[in-house]
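The chain is numbered in sequence order, starting from 1.
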Amino acid sequence: MQILAKNLTLQVLRRCPRNQIHTLAPISDPTDCDVFINHRGSDTKRTVAGLLYYHLSRLGLRPFLDSKNMKAGDKLFDKIDMAIHSCKVGVAVFSPHYCDSYFCLHELALLMESRKRVIPIFCNVKPSELRVKDTRNCPANELQRFNRALQEAKYTVGLTFDDSIGDWSEFLKSASDAVLENLLEVEEDQPYNYRTSHVQNL
């Protein structure tokens with residue numbers, strides 16, 4: 001699995017022109033990223049989301065995790081929305097209290113509406129257990145957005161992980177391989193003219 005991850009990383013690098021390889025280096029603009037990690041901080045920041053962030057960083061990718069890429073004084077929605085629009089792939093880490101968070105659902109909805117590739121990770125929760133709750137504080141149109149995005153994610157092939165019995169090293173390898181494979185496919189789907197014009201505008 002480790003060899004597969006390294007090979008996929010090399011393929012991502014080889015598909016980038018030399019003057020674009022810097023986009024896989026450490027982030028100078030915190031909102032410019034390859035992978036956006038959508039998660040409920042209180043559930044997974046110190047476990048799945050945090051470890052995945054470090055693992056992807058070590059592979060030379062540029063993941064976005066709010067606690068790592070934002071600083072005091074940043075406008076929350078502005079920075080997060082910009083990062084989602086700039087990313088190539090999203091990772092949605094679903095957990096028991098995920099749907100309690102307006103921010104988690106907003107990020108998921110924006111990823112889906114932006115037609116980003118999203119890899120669901122169901123951590124300590126089954127897809128059938130995820131439901132948007134109507135707390136009467138959220139407008140009806142927002143609830144509809146959240147429900148549509150959640151249903152789309154639930155019917156997307158993803159990964160499952162139980163952190164009480166799961167193998168952490170195997171999980172991180174599987175998740176990283178899934179991210180790298182999707183990045184390659186996104187790169188292949190982009191027309192050559194778009195890629196070159198995008199590089200020239202960097």
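Legend: residues meeting salt bridge (charged side-chain N to carboxylate O under 4.0 Å, His left out) with Arg40, ordered by chain and number and at least two apart, are absent. The side chain to side chain contact (heavy atoms under 4.5 Å, CB included) search around Asn182 returns Val89, Arg117, Ile119, Glu185, not counting sequence neighbours. Taking the salt bridge (charged side-chain N to carboxylate O under 4.0 Å, His left out) definition, one finds that Asp134 meets it with Arg136, sequence neighbours left out. In this structure Ser95 satisfies the side-chain hydrogen bond (donor to acceptor under 3.5 Å, both in side chains) test together with Asp43, sequence neighbours excluded. Take Tyr53 and apply the ring-ring contact (aromatic ring centres under 6.0 Å, His included) test, not counting sequence neighbours, and it matches no residue. For the side-chain hydrogen bond (donor to acceptor under 3.5 Å, both in side chains) test, residues two or more places apart in sequence or in another chain that qualify with Ser164 are Asp162. Considering only residues two or more places apart in sequence or on other chains, Glu129 meets the side chain to side chain contact (heavy atoms under 4.5 Å, CB included) condition with Val125, Lys126. Residues meeting the side-chain hydrogen bond (donor to acceptor under 3.5 Å, both in side chains) test with Asp167, sequence neighbours left out: Ser169. Annotation: salt bridge (charged side-chain N to carboxylate O under 4.0 Å, His left out) contacts of Asp163 (sequence neighbours excluded): none. For Asn141, the side chain to side chain contact (heavy atoms under 4.5 Å, CB included) partners at least two apart in sequence or on another chain are Pro139. Applying the side-chain hydrogen bond (donor to acceptor under 3.5 Å, both in side chains) rule to Glu113 yields the partners Arg145; only residues at least two apart in sequence or on another chain are considered.
Across all non-hydrogen atoms, the minimal contact from Cys33 to Ala83 is SG-O, 3.5 Å.
We find the CG-CZ distance between Leu65 and Phe36 to be 8.5 Å, quoted to the nearest 0.5 Å. Note that CG of Leu180 and CG of Leu61 are 5.5 Å apart. Values are rounded to the nearest 0.5 Å. The NZ atom of Lys133 sits 7.5 Å away from the SG atom of Cys99 when rounded to the nearest 0.5 Å.
The closest side-chain heavy-atom distance from Lys116 to Leu110 is not below 4.5 Å. Taking the side chain as every heavy atom from C-beta outward, Asp66 and Lys79 never approach each other to under 4.5 Å. At a threshold of 4.5 Å between non-hydrogen side-chain atoms, the residues Ile121 and Leu52 count as touching. No side-chain heavy atom of Thr135 sits less than 4.5 Å from a side-chain heavy atom of Tyr102.
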Evaluate the criterion side chain to side chain contact (heavy atoms under 4.5 Å, CB included) for residue pair Thr47 and Thr44; output intermediate values, then yes/no.
CA-CA 5 Å; Thr47 55; Thr44 61; 3.9 Å; yes
Start with the C-alpha distance between Asn38 and Phe64, add both sets of side-chain angles, then the distance that settles side chain to side chain contact (heavy atoms under 4.5 Å, CB included), and finish with yes or no.
CA-CA 9 Å; Asn38 163 244; Phe64 182 97; over 6 Å; no
Can you list the steps and then say if Leu59 with Ser176 is a side chain to side chain contact (heavy atoms under 4.5 Å, CB included)?
CA-CA 9 Å; Leu59 289 174; Ser176 299; 3.8 Å; yes
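Distance alone, capped at 3.5 Å, is enough to place a donor-acceptor pair between the Ser101 side chain and the Phe103 backbone. Remark: the backbone N or O of Leu111 is not paired with any side-chain donor or acceptor of Ser114 at under 3.5 angstrom.
The aromatic rings of Trp168 and Phe171 sit perpendicular to each other, their planes meeting at more than 60°, with 30° as the lower class boundary.
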Side-chain donor/acceptor pairs under 3.5 Å, residues 146-161, sequence neighbours excluded:
from	atom 1	to	atom 2	distance (Å)
Asn147	ND2	Leu143	O	3.1
Lys154	NZ	Pro127	O	3.4
Lys154	NZ	Leu130	O	3.0
Thr156	OG1	Glu152	O	2.7

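Partner of Lys88 under the salt bridge (charged side-chain N to carboxylate O under 4.0 Å, His left out) criterion, out of Asp34, Asp189, Asp32: Asp34 alone.
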